[in-house]
Protein chains: 2
Amino acid sequence: MSTRRETVRQALNESTGFRSAQDLYADLRSEGSKIGLTTVYRALQALSDSGEIDVLRTGDGEAVYRACITDTHHHHLVCRTCGKAVEVEGPQVERWADTVGAQHGFTDITHTVEVFGTCAACAAAD
Amino acid sequence: MSTRRETVRQALNESTGFRSAQDLYADLRSEGSKIGLTTVYRALQALSDSGEIDVLRTGDGEAVYRACITDTHHHHLVCRTCGKAVEVEGPQVERWADTVGAQHGFTDITHTVEVFGTCAACAAAD
DNA sequence: GCAATTTTGACAATCGTTTTCGTTTTCTCC
DNA sequence: GGAGAAAACGAAAACGATTGTCAAAATTGC
């Protein structure tokens with residue numbers, strides 16, 4: 001429970017969207033924090049390991065993080081322009097994934113599902 | 001339509017699973033080809049731009065490619081041990097994604113869905 | 001055949017991320 | 001409160017995948 005980890009968690013909480021490690025680092029530095037990039041990465045790693053934040057990969061392989069409110073399994077509806085994300089659930093998708101996996105003899109099924117779109121605000125602004 | 005691009009496409013065709021650029025490069029070199037890594041990347045880029053192959057990102061950000069048989073929209077059931085992939089469809093998932101997007105005022109909905117598991121062969125082997 | 005154009009591949013550069021390694025801070029126990 | 005151990009920090013170096021550069025080689029059009 002270091003102070004630094006709290007700082008990073010809080011920086012994430014202040015955003016509704018997914019942020020990259022580099023983004024968070026830049027934000028914190030510009031707020032005057034003397035935090036190091038290494039520490040930001042370590043904090044994000046720890047938070048994601050403990051399941052407190054969600055991670056996903058952008059199209060170019062960069063890892064982006066988000067502090068989610070729901071702690072149950074969920075997916076995201078992400079604005080491809082501003083990055084804003086909404087937490088969504090899809091029981092039918094969970095069922096489908098399990099079924100399709102079983103049908104092909106696969107076990108230990110997991111899945112990744114993300115939905116992208118342009119949010120109302122960004123659509124109006126463009 | 002250079003020879004090199006064909007070479008890469010063919011190397012991909014020979015595999016049922018997703019392969020990384022480095023994998024393919026290693027394979028081709030070990031077969032005696034004098035192809036360069038740069039060219040492999042260029043070929044994969046071109047093939048994926050033209051929609052001839054599918055790309056996805058592994059958990060650690062590496063890009064992996066696969067020559068898929070179906071040319072309609074589909075998803076993958078991937079073995080997390082051997083990488084073998086099966087092409088699957090999920091009309092209900094497509095519908096769910098569109099619905100959920102619309103409900104939140106998002107437009108231009110797209111989605112990524114991948115299912116992971118352990119295939120029967122790998123489960124038996126372990 | 002030959003100059004113009006495209007493709008290729010060795011190598012260097014880039015970029016996000018991880019390691020390394022002293023230094024500093026925090027914890028613990030007295 | 002203070003000494004010593006342990007954990008956390010951060011700067012800089014290392015890394016690994018990918019992309020850019022540029023000259024050599026292959027292909028094309030004439």
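Convention: sequence-line order gives letters A, B, ...; per-chain numbering from 1.
Rounded to whole Å, the distance from CZ on B:R5 to P on C:dT8 is 9 Å. Between the CG atom of B:L44 and the P atom of C:dT7 there is a distance of 16 Å, given to the nearest Å. Atom CD in B:E6 sits roughly 11 Å away from atom P in C:dT8 (whole-Å rounding). Computed from coordinates, the B:D49 CG to D:dT19 P distance equals 10 Å when rounded to whole Å. Following rounding to the nearest Å, A:Q22 (CD) and C:dT18 (P) show an atom-to-atom distance of 11 Å. Following rounding to the nearest Å, A:E62 (CD) and C:dT18 (P) show an atom-to-atom distance of 12 Å. One atom, CG of A:L24, and another, P of C:dT17, lie 11 Å apart when rounded to the nearest Å. For A:L28 and D:dG10, the CG to C1' distance is 14 Å, given to the nearest whole Å.
Closest approach to the B:R57 side chain among C:dT17, D:dT18, C:dG9 is made by D:dT18 (side chain taken as heavy atoms from C-beta onward). Across D:dA17, D:dG10, C:dT17, the shortest atom-to-atom separation from the side chain of A:I35 is found for D:dG10. Residue B:R29 has its side chain nearest to C:dA10 when only D:dG10, D:dT18, C:dA10 are considered. Between D:dG10, C:dG9, C:dG16, one nucleotide has an atom nearer to the side chain of B:R42 than all others, and that is C:dG9. In this structure, the nucleotide among D:dT21, D:dT18, C:dT17 sitting nearest to the side chain of A:L37 is C:dT17.
Contact record, A:T107 with B:R80: O-NH1, 4.2 Å, taken as the closest heavy-atom pair. Scanning both residues, A:E62 and A:Q22, for their nearest heavy atoms gives OE2-CG, 4.4 Å.
For D:dA11, the base has a donor-acceptor partner in the side chain of A:T38 [N/O atoms by modelled type, under 3.5 angstrom].
Salt bridge B:E87/B:R66: present, at least one basic N to carboxylate O contact under 4.0 Å.
At C:dG9, one or more side-chain N or O atoms of B:R4 fall inside 4.0 Å of OP1 or OP2 (strictly under the cut-off). Between B:T39 and C:dG9 there is a side-chain N or O to OP1 or OP2 distance below 4.0 Å. Contact check, A:Y41 against C:dT17: a side-chain N or O comes under 4.0 Å of OP1 or OP2. For the OP1/OP2 pair of C:dT18 and a distance below 4.0 Å, the side-chain nitrogens and oxygens of A:Q45 include at least one atom meeting the criterion.
The shortest side-chain heavy-atom distance between B:T7 and B:T39 does not fall under the 4.5 Å cut-off.
Where A:K34 and B:A21 each meet DNA chain D at their nearest nucleotide, the meeting point lying more 5' is that of A:K34.
Relative orientation of the B:H111 and B:H73 rings is perpendicular, given thresholds of 30° and 60° on the angle between their planes.
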